[in-house]
Amino acid sequence: MFKKIWAIFRERFPSRLKASLFVGGVLFGVLVVSGLLVTAGAAGLAWTNTEEFCTGCHEMRDNVYAEYKGTIHDTNRTGVRAICPDCHVPRPPVDLIKRKLRASFELWGHFTGVIDTREKFEAERSKLAQNVWRRMRQTDSLECRNCHHAEKMSSDLQSDKAKARHAKAKIDGKTCIDCHFGIAHKEPAGPGPADVKLD
Amino acid sequence: MSAAVQGSRNTAIALCALADGSETGAGSHLPTEKPEKKMSKRLISITAATGVLLIAAFNAQAAVDADAAEALAKKSKCFTCHSVDKKKDGPAYKDVAAKYKGKPDAEQKLFIHLTTNPKVKVDGKEESHESPKTKNEAEIRNLIGWILSR
(Lines give C-alpha, C1' and ligand atoms only; values in the text may rest on other atoms or scores of the structure.)
Protein backbone atom coordinates (compact mmCIF):
# COMPACT_ATOMS: atom_id res chain seq x y z
CA MET A 1 0.00 0.00 0.00
CA PHE A 2 2.64 2.45 1.14
CA LYS A 3 5.01 1.26 -1.61
CA LYS A 4 2.34 1.86 -4.21
CA ILE A 5 1.75 5.44 -3.03
CA TRP A 6 5.50 6.00 -2.89
CA ALA A 7 5.83 4.75 -6.49
CA ILE A 8 3.09 7.09 -7.72
CA PHE A 9 4.69 9.91 -5.74
CA ARG A 10 8.15 9.28 -7.29
CA GLU A 11 6.58 9.11 -10.74
CA ARG A 12 4.70 12.38 -10.26
CA PHE A 13 7.67 14.22 -8.66
CA PRO A 14 10.83 12.78 -10.17
CA SER A 15 13.02 15.65 -8.93
CA ARG A 16 13.89 15.87 -5.22
CA LEU A 17 13.28 19.63 -5.13
CA LYS A 18 9.77 19.40 -6.49
CA ALA A 19 8.97 16.57 -4.09
CA SER A 20 10.12 18.53 -1.05
CA LEU A 21 8.23 21.61 -2.23
CA PHE A 22 5.07 19.56 -2.53
CA VAL A 23 5.45 17.99 0.91
CA GLY A 24 6.29 21.36 2.43
CA GLY A 25 3.24 22.90 0.78
CA VAL A 26 0.94 20.20 2.10
CA LEU A 27 2.33 20.53 5.62
CA PHE A 28 1.95 24.29 5.51
CA GLY A 29 -1.62 23.97 4.28
CA VAL A 30 -2.50 21.56 7.07
CA LEU A 31 -0.94 23.93 9.58
CA VAL A 32 -2.88 26.93 8.29
CA VAL A 33 -6.18 25.06 8.16
CA SER A 34 -5.79 23.58 11.65
CA GLY A 35 -4.75 26.99 12.93
CA LEU A 36 -7.90 28.48 11.48
CA LEU A 37 -10.00 25.67 12.92
CA VAL A 38 -8.54 26.15 16.39
CA THR A 39 -9.07 29.91 16.19
CA ALA A 40 -12.62 29.48 14.96
CA GLY A 41 -13.27 26.88 17.64
CA ALA A 42 -11.91 29.12 20.38
CA ALA A 43 -13.87 32.08 19.04
CA GLY A 44 -17.01 29.92 18.89
CA LEU A 45 -16.44 28.67 22.40
CA ALA A 46 -15.84 32.21 23.62
CA TRP A 47 -19.04 33.27 21.91
CA THR A 48 -20.96 30.65 23.94
CA ASN A 49 -19.60 32.37 27.05
CA THR A 50 -21.30 35.71 26.43
CA GLU A 51 -24.38 37.13 28.08
CA GLU A 52 -25.99 37.44 24.64
CA PHE A 53 -25.55 33.76 23.92
CA CYS A 54 -26.78 32.66 27.35
CA THR A 55 -29.93 34.74 27.09
CA GLY A 56 -30.53 33.67 23.51
CA CYS A 57 -33.25 31.26 24.56
CA HIS A 58 -36.33 32.32 26.47
CA GLU A 59 -35.86 29.57 29.05
CA MET A 60 -32.81 31.38 30.37
CA ARG A 61 -33.85 34.94 29.57
CA ASP A 62 -37.27 34.87 31.23
CA ASN A 63 -36.45 32.71 34.24
CA VAL A 64 -32.96 32.55 35.65
CA TYR A 65 -31.63 35.66 33.92
CA ALA A 66 -34.61 37.77 34.95
CA GLU A 67 -33.99 36.73 38.56
CA TYR A 68 -30.28 37.41 38.33
CA LYS A 69 -30.97 41.01 37.24
CA GLY A 70 -30.39 43.39 40.12
CA THR A 71 -28.52 40.90 42.31
CA ILE A 72 -25.07 41.70 43.66
CA HIS A 73 -23.39 39.75 40.85
CA ASP A 74 -25.24 41.77 38.21
CA THR A 75 -24.96 45.27 39.59
CA ASN A 76 -22.98 46.68 42.46
CA ARG A 77 -21.04 49.73 43.51
CA THR A 78 -17.92 48.95 41.46
CA GLY A 79 -19.55 47.59 38.31
CA VAL A 80 -17.44 44.45 38.34
CA ARG A 81 -19.85 41.78 37.25
CA ALA A 82 -20.07 38.03 37.25
CA ILE A 83 -22.14 36.97 34.26
CA CYS A 84 -23.61 33.51 33.63
CA PRO A 85 -20.39 31.65 32.62
CA ASP A 86 -18.40 33.19 35.46
CA CYS A 87 -20.44 31.10 37.86
CA HIS A 88 -21.55 28.23 35.66
CA VAL A 89 -18.56 27.42 33.43
CA PRO A 90 -15.20 26.30 34.83
CA ARG A 91 -12.12 28.07 33.48
CA PRO A 92 -9.47 25.29 33.35
CA PRO A 93 -9.56 24.18 29.66
CA VAL A 94 -10.32 20.48 30.18
CA ASP A 95 -13.11 21.17 32.68
CA LEU A 96 -14.40 23.87 30.36
CA ILE A 97 -14.67 21.52 27.35
CA LYS A 98 -16.29 18.84 29.52
CA ARG A 99 -18.85 21.31 30.82
CA LYS A 100 -19.57 22.62 27.32
CA LEU A 101 -20.12 19.10 26.01
CA ARG A 102 -22.54 18.39 28.82
CA ALA A 103 -24.28 21.67 28.19
CA SER A 104 -24.94 20.67 24.60
CA PHE A 105 -27.53 18.26 26.00
CA GLU A 106 -29.45 21.32 27.10
CA LEU A 107 -30.19 21.90 23.40
CA TRP A 108 -32.12 18.66 23.50
CA GLY A 109 -34.03 19.98 26.46
CA HIS A 110 -34.73 23.18 24.59
CA PHE A 111 -36.09 21.48 21.49
CA THR A 112 -38.19 18.99 23.45
CA GLY A 113 -39.56 21.84 25.60
CA VAL A 114 -38.62 20.51 29.03
CA ILE A 115 -38.99 23.96 30.63
CA ASP A 116 -40.66 25.97 27.88
CA THR A 117 -43.27 27.49 30.21
CA ARG A 118 -42.94 29.24 33.55
CA GLU A 119 -44.96 26.46 35.19
CA LYS A 120 -42.70 23.75 33.82
CA PHE A 121 -39.66 25.70 34.93
CA GLU A 122 -41.02 26.12 38.46
CA ALA A 123 -41.74 22.39 38.57
CA GLU A 124 -38.14 21.60 37.57
CA ARG A 125 -36.47 24.39 39.53
CA SER A 126 -35.47 22.35 42.56
CA LYS A 127 -34.02 19.54 40.45
CA LEU A 128 -32.07 21.94 38.23
CA ALA A 129 -30.69 23.82 41.23
CA GLN A 130 -29.60 20.55 42.80
CA ASN A 131 -27.62 19.72 39.64
CA VAL A 132 -25.70 22.95 40.04
CA TRP A 133 -25.24 22.56 43.78
CA ARG A 134 -24.00 18.98 43.39
CA ARG A 135 -21.36 20.08 40.89
CA MET A 136 -20.36 23.02 43.06
CA ARG A 137 -19.89 20.77 46.06
CA GLN A 138 -17.91 18.23 44.05
CA THR A 139 -15.57 20.92 42.73
CA ASP A 140 -15.23 22.82 46.03
CA SER A 141 -17.17 25.71 44.49
CA LEU A 142 -14.66 26.05 41.67
CA GLU A 143 -16.49 28.83 39.85
CA CYS A 144 -16.88 30.96 42.99
CA ARG A 145 -13.14 30.78 43.35
CA ASN A 146 -12.63 32.11 39.84
CA CYS A 147 -13.04 35.49 41.52
CA HIS A 148 -13.23 34.92 45.28
CA HIS A 149 -9.82 33.86 46.54
CA ALA A 150 -10.18 32.48 50.04
CA GLU A 151 -6.66 33.44 51.05
CA LYS A 152 -7.25 37.01 49.90
CA MET A 153 -10.49 37.50 51.79
CA SER A 154 -9.62 40.06 54.42
CA SER A 155 -11.37 39.09 57.62
CA ASP A 156 -10.64 42.58 58.95
CA LEU A 157 -13.09 43.94 56.41
CA GLN A 158 -15.78 41.39 57.26
CA SER A 159 -18.50 41.83 59.84
CA ASP A 160 -18.07 39.98 63.11
CA LYS A 161 -20.87 37.64 62.12
CA ALA A 162 -19.26 36.82 58.78
CA LYS A 163 -15.88 36.36 60.42
CA ALA A 164 -17.28 33.86 62.93
CA ARG A 165 -19.19 31.94 60.28
CA HIS A 166 -16.25 31.75 57.88
CA ALA A 167 -13.96 30.54 60.65
CA LYS A 168 -16.42 27.82 61.55
CA ALA A 169 -16.99 26.84 57.92
CA LYS A 170 -13.26 26.30 57.54
CA ILE A 171 -13.19 23.99 60.56
CA ASP A 172 -16.25 22.10 59.32
CA GLY A 173 -14.72 21.73 55.85
CA LYS A 174 -17.61 23.52 54.19
CA THR A 175 -17.49 24.96 50.71
CA CYS A 176 -18.95 28.28 49.50
CA ILE A 177 -22.20 26.86 48.12
CA ASP A 178 -23.10 25.13 51.41
CA CYS A 179 -24.14 28.52 52.80
CA HIS A 180 -24.18 30.90 49.84
CA PHE A 181 -27.04 29.55 47.75
CA GLY A 182 -30.08 31.25 46.29
CA ILE A 183 -27.94 34.32 45.72
CA ALA A 184 -28.33 35.05 42.04
CA HIS A 185 -31.56 33.14 41.51
CA LYS A 186 -34.61 32.47 43.64
CA GLU A 187 -34.13 29.80 46.24
CA PRO A 188 -36.16 26.73 45.32
CA ALA A 189 -38.30 24.92 47.85
CA GLY A 190 -37.02 21.49 48.80
CA PRO A 191 -33.60 20.24 49.81
CA GLY A 192 -30.69 22.68 50.03
CA PRO A 193 -27.11 22.14 48.87
CA ALA A 194 -26.17 20.42 52.12
CA ASP A 195 -28.89 17.80 51.53
CA VAL A 196 -27.89 17.02 47.96
CA LYS A 197 -26.45 13.53 47.60
CA LEU A 198 -23.08 13.38 45.86
CA ASP A 199 -22.57 10.55 43.41
CA MET B 1 -52.49 35.13 58.93
CA SER B 2 -54.88 34.92 61.85
CA ALA B 3 -52.76 37.51 63.58
CA ALA B 4 -53.22 39.86 60.66
CA VAL B 5 -56.97 39.39 60.86
CA GLN B 6 -56.83 39.98 64.57
CA GLY B 7 -54.93 43.18 64.01
CA SER B 8 -57.38 44.50 61.47
CA ARG B 9 -60.27 43.57 63.73
CA ASN B 10 -58.79 45.77 66.43
CA THR B 11 -58.52 48.57 63.89
CA ALA B 12 -62.12 48.04 62.87
CA ILE B 13 -63.32 48.07 66.48
CA ALA B 14 -61.46 51.29 67.00
CA LEU B 15 -63.08 52.69 63.87
CA CYS B 16 -66.46 51.56 65.18
CA ALA B 17 -65.86 53.33 68.48
CA LEU B 18 -64.75 56.41 66.59
CA ALA B 19 -67.88 56.43 64.47
CA ASP B 20 -69.96 55.91 67.58
CA GLY B 21 -68.19 58.67 69.51
CA SER B 22 -68.53 61.25 66.76
CA GLU B 23 -72.18 60.38 66.45
CA THR B 24 -72.91 60.94 70.15
CA GLY B 25 -70.75 64.03 70.05
CA ALA B 26 -72.90 65.43 67.25
CA GLY B 27 -75.98 64.43 69.22
CA SER B 28 -74.95 66.38 72.29
CA HIS B 29 -74.49 69.47 70.17
CA LEU B 30 -77.93 69.09 68.69
CA PRO B 31 -80.28 68.47 71.64
CA THR B 32 -83.37 69.23 69.55
CA GLU B 33 -82.84 66.15 67.44
CA LYS B 34 -85.55 63.54 67.84
CA PRO B 35 -84.50 60.30 69.56
CA GLU B 36 -85.99 58.33 66.67
CA LYS B 37 -83.73 60.05 64.21
CA LYS B 38 -80.83 59.56 66.59
CA MET B 39 -81.55 55.83 66.65
CA SER B 40 -81.52 55.53 62.90
CA LYS B 41 -78.32 57.54 62.75
CA ARG B 42 -76.77 55.20 65.26
CA LEU B 43 -77.95 52.27 63.17
CA ILE B 44 -76.34 53.73 60.09
CA SER B 45 -73.06 54.24 61.87
CA ILE B 46 -73.12 50.68 63.20
CA THR B 47 -73.87 49.32 59.77
CA ALA B 48 -71.07 51.40 58.33
CA ALA B 49 -68.67 50.25 61.01
CA THR B 50 -69.62 46.63 60.39
CA GLY B 51 -68.95 47.20 56.74
CA VAL B 52 -65.57 48.68 57.55
CA LEU B 53 -64.84 45.71 59.78
CA LEU B 54 -65.75 43.25 57.05
CA ILE B 55 -63.71 45.07 54.45
CA ALA B 56 -60.75 45.35 56.80
CA ALA B 57 -60.93 41.65 57.64
CA PHE B 58 -61.16 40.78 53.97
CA ASN B 59 -58.26 43.03 53.13
CA ALA B 60 -56.15 41.50 55.87
CA GLN B 61 -56.75 38.09 54.34
CA ALA B 62 -55.52 39.21 50.96
CA ALA B 63 -53.24 41.94 52.23
CA VAL B 64 -49.91 40.13 52.47
CA ASP B 65 -47.91 41.57 49.61
CA ALA B 66 -45.57 38.64 49.04
CA ASP B 67 -43.37 40.46 46.53
CA ALA B 68 -42.86 43.42 48.86
CA ALA B 69 -42.20 41.11 51.81
CA GLU B 70 -39.64 39.07 49.90
CA ALA B 71 -37.96 42.21 48.59
CA LEU B 72 -37.67 43.62 52.11
CA ALA B 73 -36.36 40.31 53.43
CA LYS B 74 -33.78 40.22 50.67
CA LYS B 75 -32.76 43.83 51.23
CA SER B 76 -32.46 43.23 54.96
CA LYS B 77 -30.38 40.09 54.37
CA CYS B 78 -32.81 37.91 56.32
CA PHE B 79 -32.00 35.04 53.98
CA THR B 80 -28.43 34.97 55.21
CA CYS B 81 -29.65 33.12 58.29
CA HIS B 82 -33.22 32.15 57.38
CA SER B 83 -34.79 30.23 54.55
CA VAL B 84 -38.46 29.62 53.84
CA ASP B 85 -38.26 25.86 54.18
CA LYS B 86 -34.67 25.00 55.10
CA LYS B 87 -33.03 25.25 58.48
CA LYS B 88 -30.05 27.58 58.39
CA ASP B 89 -28.46 29.39 61.35
CA GLY B 90 -31.96 30.67 62.10
CA PRO B 91 -35.20 28.69 61.94
CA ALA B 92 -37.04 28.18 58.64
CA TYR B 93 -40.00 30.52 58.19
CA LYS B 94 -42.23 27.47 57.78
CA ASP B 95 -41.23 26.38 61.27
CA VAL B 96 -41.83 29.88 62.62
CA ALA B 97 -45.30 29.90 61.07
CA ALA B 98 -46.03 26.47 62.51
CA LYS B 99 -44.81 27.51 65.96
CA TYR B 100 -47.10 30.56 66.06
CA LYS B 101 -50.06 28.99 64.29
CA GLY B 102 -53.30 29.97 66.01
CA LYS B 103 -51.54 32.16 68.56
CA PRO B 104 -53.20 35.57 68.71
CA ASP B 105 -50.05 37.33 69.95
CA ALA B 106 -47.89 35.97 67.13
CA GLU B 107 -47.71 39.19 65.15
CA GLN B 108 -46.86 41.30 68.19
CA LYS B 109 -44.24 38.84 69.40
CA LEU B 110 -42.55 38.77 66.02
CA PHE B 111 -42.81 42.55 65.76
CA ILE B 112 -40.87 42.87 69.01
CA HIS B 113 -38.41 40.23 67.82
CA LEU B 114 -37.80 42.12 64.60
CA THR B 115 -37.56 45.62 65.98
CA THR B 116 -35.69 45.41 69.29
CA ASN B 117 -32.56 43.51 68.18
CA PRO B 118 -32.92 40.75 70.80
CA LYS B 119 -30.04 38.39 71.51
CA VAL B 120 -30.26 35.13 69.62
CA LYS B 121 -28.06 32.07 69.91
CA VAL B 122 -26.18 31.07 66.81
CA ASP B 123 -23.94 28.07 67.19
CA GLY B 124 -23.79 28.50 70.94
CA LYS B 125 -22.78 32.14 70.69
CA GLU B 126 -25.06 35.07 71.36
CA GLU B 127 -25.50 37.72 68.75
CA SER B 128 -28.02 40.47 68.07
CA HIS B 129 -30.85 39.72 65.69
CA GLU B 130 -30.91 42.35 62.95
CA SER B 131 -33.94 44.49 62.13
CA PRO B 132 -35.55 44.85 58.71
CA LYS B 133 -34.02 47.74 56.79
CA THR B 134 -37.08 50.01 56.84
CA LYS B 135 -38.60 52.61 59.11
CA ASN B 136 -42.10 51.85 57.88
CA GLU B 137 -44.06 49.80 60.42
CA ALA B 138 -46.60 48.64 57.83
CA GLU B 139 -43.79 47.13 55.75
CA ILE B 140 -42.49 45.22 58.76
CA ARG B 141 -45.99 43.99 59.62
CA ASN B 142 -46.43 42.90 56.02
CA LEU B 143 -43.18 40.95 56.29
CA ILE B 144 -44.44 39.31 59.49
CA GLY B 145 -47.72 38.45 57.79
CA TRP B 146 -45.75 36.85 54.99
CA ILE B 147 -43.62 34.82 57.39
CA LEU B 148 -46.67 33.66 59.34
CA SER B 149 -48.41 32.55 56.15
CA ARG B 150 -45.52 30.31 54.98
Side-chain angles (χ1 to χ4, degrees), chain A residues 64 66-77 118 122-123 125-127 129-130 132-134 136-137 144 148 153 155 158-197, chain B residues 1 64-99 101 113-134 139 142-150:
Chain A
V64 283
E67 292 168 6
Y68 153 83
K69 278 274 168 202
T71 66
I72 191 80
H73 286 102
D74 171 43
T75 172
N76 51 64
R77 119 196 149 270
R118 183 74 186 165
E122 286 295 351
R125 184 195 280 278
S126 178
K127 205 187 101 194
Q130 285 176 46
V132 175
W133 293 338
R134 186 178 302 110
M136 288 261 192
R137 279 187 57 199
C144 304
H148 299 274
M153 280 163 49
S155 55
Q158 291 172 9
S159 70
D160 290 341
K161 285 182 185 183
K163 228 183 279 182
R165 280 160 176 71
H166 282 142
K168 181 157 189 298
K170 204 171 177 186
I171 293 165
D172 293 350
K174 284 190 173 176
T175 188
C176 316
I177 196 68
D178 285 321
C179 301
H180 301 277
F181 59 93
I183 290 171
H185 312 293
K186 278 191 188 157
E187 184 191 316
D195 310 315
V196 171
K197 284 200 183 71
Chain B
M1 180 55 76
V64 174
D65 183 342
D67 288 342
E70 277 181 63
L72 177 61
K74 199 157 211 172
K75 187 173 90 174
S76 311
K77 300 196 172 171
C78 303
F79 298 128
T80 301
C81 297
H82 297 277
S83 159
V84 172
D85 67 341
K86 299 178 238 321
K87 174 138 186 28
K88 284 182 153 181
D89 284 330
Y93 290 142
K94 279 211 165 120
D95 296 336
V96 176
K99 181 181 165 187
K101 199 172 165 64
H113 187 73
L114 287 191
T115 49
T116 59
N117 306 105
K119 292 276 178 227
V120 287
K121 272 214 162 168
V122 176
D123 228 22
K125 282 188 199 118
E126 278 204 336
E127 59 180 52
S128 298
H129 189 274
E130 304 283 341
S131 293
K133 291 192 177 15
T134 177
E139 281 180 36
N142 180 58
L143 176 62
I144 292 169
W146 178 76
I147 292 169
L148 289 173
S149 58
R150 290 307 90 196

Here's a test: name every donor-acceptor pair under 3.5 Å between chain B and chain A, with the distance for each.
from     : atom 1 : to       : atom 2 : distance (Å)
B:Ser83  : OG     : A:Glu187 : OE2    : 2.5
B:Asp85  : OD2    : A:Gly190 : N      : 2.6
B:Lys86  : NZ     : A:Glu187 : OE2    : 3.2
B:Lys86  : NZ     : A:Pro188 : O      : 2.7
B:Lys86  : NZ     : A:Gly190 : O      : 2.8
B:Asp89  : OD2    : A:Arg165 : NE     : 3.0
B:Asp123 : OD2    : A:Lys168 : NZ     : 3.3
B:Glu127 : OE1    : A:Arg165 : NH1    : 3.3
B:Glu127 : OE2    : A:Arg165 : NH2    : 3.1
B:Ser128 : O      : A:Lys161 : NZ     : 2.7
B:Glu130 : OE2    : A:Lys161 : NZ     : 3.0

If I measure from the heavy atoms of chain B, does A:Pro188 come under 4.5 Å with its side chain, its backbone, both, or neither? backbone
side-chain contact (heavy atoms from CB on, under 4.5 Å) partners for A:Ala164, two or more places apart: none
